[in-house]
Amino acid sequence: MATALADSERAVLDPVPKGLLIGGKWREASGSRTLAVEDPATGEALCAVADATVEDGLAALDAAASAQAAWATHPPRERGEILRRAFEAVTAQANDLALLMTLEMGKPLAESRAEVAYGADFLRWFSEEAVRIRGDYSVAPSGKGRLLTMRQPVGPCILITPWNFPLAMAARKIAPAIAAGCTMVLKPAAQTPLCSLALARILEAAGLPEGVLNVVTTSTSGKVMEPLIRDPRARKLSFTGSTEVGRKLIEQSAAQVLRVSMELGGNAPFLVFDDADLDAAVEGAMLAKMRNMGEACTSANRFHVAASVAGDFTERLAARMAGLKVGRGTKSDSQVGPLIDGAGRAKVEELVADAAASGAKVVVGGKAMPGGGYFYEPTVLGDVPAGARVLREEIFGPVAPVSEFSTEDEAIAAANQTEYGLAAYVFTKDLGRAFRVIERLETGMVGLNQGIVSNAAAPFGGVKQSGFGREGGAEGIKEYLEIKYVALNV
Ligand code: NAP
């Protein structure tokens, strides 16, 4: 059944292209196959987009491969200016894009606006980086000969993005690829293809030549993408998604020894020491936990709190969580939207049930909400025992499990007790302790006395099974560049 949409919602949905973008042409999938995009606030269909086949996927790679040589020599300034124009267009259309995002993904409008700004920032950042691709020149240590290095585009890239940040994850890959002079095939998640399609249209209007960006949407991602990953014309895979799928794609990438960047799952610890500013810690906890309804790879997955302040922290956090307004993200007073689908919500229910059965106290929330859509109550769990699954697995929902520690060593050991290593949060007023702890944390990113780490100007990425490679910052463009060294006989 299709959702009854308001005129304003129809007005942002209708203009979005629903086809595949291949070689500069928007077209249907072979056999006119389509896939439905659902509103997670109602569980009902919003619209349908093209459902690519294996042949369509390969046609997209053909287009990227054909466009590569010309694009690699396109003047860097012009590559940057295309991105700059796209940044300005995204910024000008921020409200419409935010509504589109809320419709397909569920997050409240204020959060969608924040993601649009975050995504736009990657376009701006890499518009500036396009003209700063540098090599190196030095005298050989022997004094005879000179050493020259140059950086060149990797070549056609395969970009695969998740549903949780439908615009920013696409922009974070497309922008550096464009800046570096790479062509690409983007495959957004089937659940949230609309923001990527809208962004592709914006980049087209900003002057991106045909074939540089190709977009395929499909309900059979494994089947459609594997032949591309195994195709010798592809030179790079950049994937953001779960560790489970990432592992599979690393294996597939081995066939062609493809260059790979992996932005995978997380299990971020949030450490509150006894000297922390508790108001700031609760504020940071709300951001780190509730941004995106907890459906973020950087989401605080577990709260380790010094025993002397754990009761106070839990009480204050529970009061804030209980006060949140849950509802369809399009409503102006909604602060928490639905989860992405029934399976996501069922996993949250399972983790909470497991924690409760193993002795945790449900301080607030703890239940799925009745009615349509995939809403779940903002939840705080106290006294969560070390063995509970909720501490080990990615929750991807609005659930904050709190457990206590006694010493700094114990806190660090608990924080590192996971195969993941994406983000961590540390709250303390003692600078010496802050650095002691930060240096021992096994994560790619740390928020010190703040609950958010994302910034287009910083290198985003993880260690351990959270992946490898960095997006954003000065490092981001390097993922799309090869180094060529030239030995000069001079
Ligand atoms: P997912 O199931 O791994 O899917 C991610 C993307 O991969 C989607 O586009 C998906 O397409 C596609 N995909 C799935 N199976 C595939 C296969 N066999 N071959 C090729 N593509 C395949 O993850 P998700 O549920 O969308 O996203 C949530 C996960 O992403 C969480 O684990 C989260 O931590 C992680 N994440 C990490 C970062 C980071 O920067 N580290 C950022 C955001 C999210 P379909 O869904 O259409 O099948």
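As the structure lists them, so they are numbered: ligands from 1, and atoms in each ligand from 1. Side chains included, hydrogens not; waters and symmetry mates left out as well; all remaining heavy atoms used. Source: prediction; values computed, not measured.
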To the nearest 0.1 Å, how far is atom 24 (P) of ligand 1 from its closest protein heavy atom, and which atom is that?
-> W163 NE1, 3.4 Å
Should you measure from each heavy atom of N164, which atoms of ligand 1 turn up under 4.0 Å away?
-> 43 (C), 44 (C)
Can you sort out which atoms of ligand 1 are near A190, meaning under 4.0 Å from one of its heavy atoms?
-> 45 (P), 47 (O)
Atoms of ligand 1 less than 4.0 Å from L249 heavy atoms?
-> 19 (N), 20 (C)
protein heavy-atom neighbour closest to atom 28 (C) of ligand 1 works out as F396 CE2, 3.8 Å
What's the shortest heavy-atom distance between N214 and A63, and which atoms?
-> OD1-CB, 3.4 Å
Which residue owns the protein heavy atom closest to atom 32 (O) of ligand 1, what's the atom, and how far is it?
-> E394 OE1, 2.8 Å
So which protein heavy atom does atom 41 (N) of ligand 1 come closest to, and at what separation?
-> L264 O, 2.8 Å
Numbered in order shown, the ligand 1 atoms found under 4.0 Å of a heavy atom of G222 are 17 (C), 18 (N), 19 (N)
Identity of the nearest option to atom 1 (P) of ligand 1, non-hydrogen atoms only, from S219, S221, S242 | S242
Can you list the ligand 1 atoms lying under 4.0 Å from a non-hydrogen atom of T161?
-> 6 (C), 8 (C), 9 (O)
Is R132 salt-bridged to E128, going by a charged N under 4.0 Å from an acidic O?
-> no
Top protein contact for atom 38 (C) of ligand 1, by heavy-atom distance = C297 SG, 3.0 Å
Near F239, which atoms of ligand 1 are under 4.0 Å from a heavy atom of that residue?
-> 3 (O), 5 (C), 6 (C), 7 (O)
Can a protein heavy atom be found under 4.0 Å away from atom 4 (O) of ligand 1?
-> no
Taking the side chain as every heavy atom from C-beta outward, state whether T243 and E394 have any atom pair closer than 4.5 Å.
-> no
Who's the nearest protein heavy-atom neighbour of atom 27 (O) of ligand 1, and how far?
-> P162 CB, 3.4 Å
Would you call E9 and R328 a salt bridge, using N to O less than 4.0 angstrom?
-> yes
For L422, the ligand 1 atoms whose distance to one of its heavy atoms is below 4.0 Å = 41 (N)
Can a donor-acceptor pair be found between the side chains of Q68 and T183 at a distance below 3.5 Å?
-> yes
Give the ring-plane orientation class for Y118 versus F122, where under 30° counts as parallel, over 60° as perpendicular and anything between as tilted.
-> perpendicular
If you have a sec, work out which protein heavy atom is nearest atom 11 (O) of ligand 1 and how many Å separate them, to one decimal?
-> K187 NZ, 3.0 Å
Ligand-side contact atoms (ligand 1) for residue partner T240, heavy atom cut-off under 4.0 Å | 5 (C), 36 (N), 37 (C), 38 (C), 39 (C), 40 (O), 42 (C), 43 (C), 44 (C)
Sole residue of Y376, W163, Y374 in ring-ring contact (aromatic ring centres under 6.0 Å, His included) with F396 | W163
Of the protein's non-hydrogen atoms, which lies at the shortest distance from atom 40 (O) of ligand 1, and what is that distance?
-> R172 NH2, 2.8 Å
Basic-acidic side-chain contact under 4.0 Å: R201, E204 = yes
Atom CG of L13 and atom CZ of R10: how far apart are they, to the nearest 0.5 Å?
-> 5.5 Å
Run the salt-bridge test on E479 and R259 with the 4.0 Å N-O cut-off and return the result as yes or no.
-> no
Tell me, do I158 and F239 make a side-chain contact under 4.5 Å, heavy atoms counted?
-> no
